[in-house]
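Take a look at the following structure, please.
Since we're looking at a predicted model, the values are computed, not measured. Protein chains get the first letters and strands the later ones, always in sequence-line order, with residue 1 at the start of each.
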Protein chains: 2
Amino acid sequence: MTATPDARPRGTRLPRLARRRQLLGAAQEVFVAQGYHAAAMDEIAERAGVSKPVLYQHFPGKLELYLALLDEHAEALVNTVRDALGSTTDNKLRVQASMQAFYDFVAGEGEAYRLVFESDLRNVAPVRARVERANTQCAEMIAQVIAEDTNAPADEAHLLGMGLVGMAEVSARYWLSQHRAIPKDTAEKIIARLAWRGISGFPRTG
Amino acid sequence: MTATPDARPRGTRLPRLARRRQLLGAAQEVFVAQGYHAAAMDEIAERAGVSKPVLYQHFPGKLELYLALLDEHAEALVNTVRDALGSTTDNKLRVQASMQAFYDFVAGEGEAYRLVFESDLRNVAPVRARVERANTQCAEMIAQVIAEDTNAPADEAHLLGMGLVGMAEVSARYWLSQHRAIPKDTAEKIIARLAWRGISGFPRTG
DNA sequence: CAGCGAGGTTACTGGCGCGTAGGATGATGG
DNA sequence: CCATCATCCTACGCGCCAGTAACCTCGCTG
């Protein structure tokens with residue numbers, strides 16, 4: 001039971017924008033560690049070495065603070081996947097790069113992936129919308145490639161895309177939960193192979 | 001906006017066990033619809049046509065009530081997958097049956113799958129343990145088959161198992177979110193084909 | 001060096017919701 | 001017809017926490 005990684009030196013004054021960034025950082029730590037519900041605004045403020053009203057001078061409420069972080073990381077995921085798909089036109093390499101994108105995202109600093117993949121609060125509409133949108137966008141980008149290179153109808157391509165997204169997401173979270181027992185690039189390759197064998201030359205055969 | 005499916009006739013007396021079952025039913029409706037946090041014990045009681053203390057005569061607290069439901073459905077999932085894997089020794093059919101197991105689970109009465117796949121409250125240890133255990137057991141049973149029929153090492157087989165679980169789970173949830181735009185058996189076959197092509201004859205080639 | 005504004009603080013309120021104390025009421029056996 | 005027990009009710013206590021009111025202080029500017 002080591003003492004909590006103590007709050008920053010209380011009493012330093014910061015310009016508005018720097019303070020905002022710092023608050024977002026503190027909020028991320030707390031939201032990731034505790035989830036939305038168990039996270040107290042008091043604790044976020046304390047971790048930033050500041051009192052609660054300061055938080056409310058930067059964000060209208062707890063939900064908006066959370067949404068700011070969620071938006072940030074949901075967008076990061078989508079961008080990573082987009083970049084992966086755009087990095088080559090060789091579909092086999094595309095699959096490899098896409099899987100790596102998910103593993104990179106999950107391995108990212110501060111376990112921020114939890115905000116997107118393990119949010120409590122999906123029952124609240126704006127949160128649900130954002131989480132689903134991130135997933136859908138990823139699946140859709142993949143479906144796009146599938147639809148272009150096979151004769152699969154759009155519905156089917158979407159379903160396949162979502163299947164691949166699920167494979168990547170869940171396996172990556174599992175890999176991390178095992179504290180990287182398998183080297184990252186090995187895990188990526190195993191899953192990429194599973195995905196590529198599954199998807200390649202999809203139109204013909206059964 | 002139709003009126004809520006109103007509470008049962010207030011005032012009927014029930015023997016202990018019947019009441020317990022009814023309370024579990026009411027609780028499931030509310031937890032599924034609202035999630036753990038937004039669900040109020042008052043509302044669960046009201047939906048059962050009963051007052052709150054009755055709830056506390058059957059369950060020591062809100063968490064235990066929730067866990068009772070979670071256990072029930074987590075076990076149901078694991079059993080469905082186990083049966084699917086045991087239903088044949090033809091691996092291709094096994095994959096087909098396993099995918100169907102997930103789609104069946106998700107399509108089950110009352111959207112109970114949400115308790116397992118979309119629980120808010122994963123930040124609470126006993127809940128997290130149960131959800132992870134269900135996932136792990138499914139993945140492990142699949143990994144077992146993979147390890148037996150290929151030369152893949154255990155680590156790798158587990159990762160592959162979890163990849164397939166993720167594929168099934170996420171694609172099934174997506175399929176349902178589209179309100180069954182694709183016929184169930186069609187979706188199952190598409191995903192089963194993706195899985196089977198991915199996993200079959202895994203040892204050799206890349 | 002006065003005064004003003006950005007940045008920060010303490011201390012409170014108001015509501016919500018879990019859990020409980022204490023009492024009523026219907027069935028069942030003597 | 002009376003006692004007894006299980007079942008169920010009304011009504012409240014109490015802690016927690018998001019959000020707010022009112023006040024402070026540093027440092028810059030004229």
### Task
Identify which nucleotide among dG7(C), dT10(D), dA21(D) has an atom closest to any side-chain atom of P53(A), counting heavy atoms from C-beta outward.
dA21(D)
### Query
What is the distance from CZ of R20(B) to P of dA6(D), rounded to the nearest Å?
18 Å
### Task
Output yes when at least one side-chain N/O atom of R19(A) is less than 4.0 Å from OP1 or OP2 of dG8(C), else no.
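The answer is yes; a side-chain N or O of R19(A) sits under 4.0 Å from OP1 or OP2.
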### Plane angle bin for F102(B) and F117(B) - parallel if under 30°, tilted between 30 and 60°, otherwise perpendicular
parallel
#### Entry: Value in whole Å for how far the C1' atom of dT20(C) lies from CZ of F59(B)
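Rounded to the whole Å, the gap is 18 Å.
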### Query
Taking for each residue the nucleotide of DNA chain D with the nearest heavy atom, is it Q57(B) or Q57(A) whose nucleotide lies nearer the 5' end?
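It is Q57(B) whose nearest nucleotide is closer to the 5' end.
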### Query
dA18(D) P sits how many Å from F31(A) CZ, rounded?
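My rounded result for the distance is 9 Å.
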### Query
Could you state the OH-P distance from Y56(B) to dT10(D), rounded to the nearest angstrom?
16 Å
### Query
What's the closest nucleotide to the V54(A) side chain, out of dC8(D), dG8(C), dT20(C)?
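Per side-chain heavy atoms of V54(A), the pick is dG8(C).
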### Message
Looking at E111(A) and V32(A), would you say the former's side chain and the latter's main chain have a donor-acceptor pair under 3.5 Å?
### Response
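Not confirmed, E111(A) side chain does not pair with V32(A) backbone.
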### Query
Expressed in angstrom and rounded to an integer, what is the separation of E46(A) atom CD from dG8(C) atom C1'?
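Distance check: E46(A) CD to dG8(C) C1' gives 16 Å.
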### Task
Take the protein atom CZ of R13(A) and the nucleotide atom C1' of dT25(D), then report the distance between them rounded to whole Å.
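After rounding, the reported distance stands at 6 Å.
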### Task
Would you mind classifying the nucleic acid contact of A39(B) as base, sugar-phosphate or nothing, using non-hydrogen atoms under 4.0 angstrom?
sugar-phosphate
### Message
Just the rounded figure in Å: distance from P of dA18(D) to CG of L55(A).
### Response
10 Å
## Note on the structure
Regarding the side chain of K62(A), the nearest nucleotide among dT9(C), dG19(C), dG19(D) is dG19(D)
### Task
Give a yes or no on whether the backbone of S200(B) and the side-chain of R197(A) come within a donor-acceptor separation of less than 3.5 Å.
yes
### Query
Of L69(A), V78(A), L70(A), which is the lone residue that meets side-chain contact (heavy atoms from CB on, under 4.5 Å) with V116(A)?
L70(A)
### Query
What integer distance in Å separates H37(B):NE2 from dC18(C):C1'?
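One finds 14 Å between C1' of dC18(C) and NE2 of H37(B), rounded.
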#### Entry: Donor-acceptor pair, side chain of S171(B) and main chain of A168(B), under 3.5 angstrom
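Indeed, once roles are kept as given, a pair shorter than 3.5 Å links the two residues.
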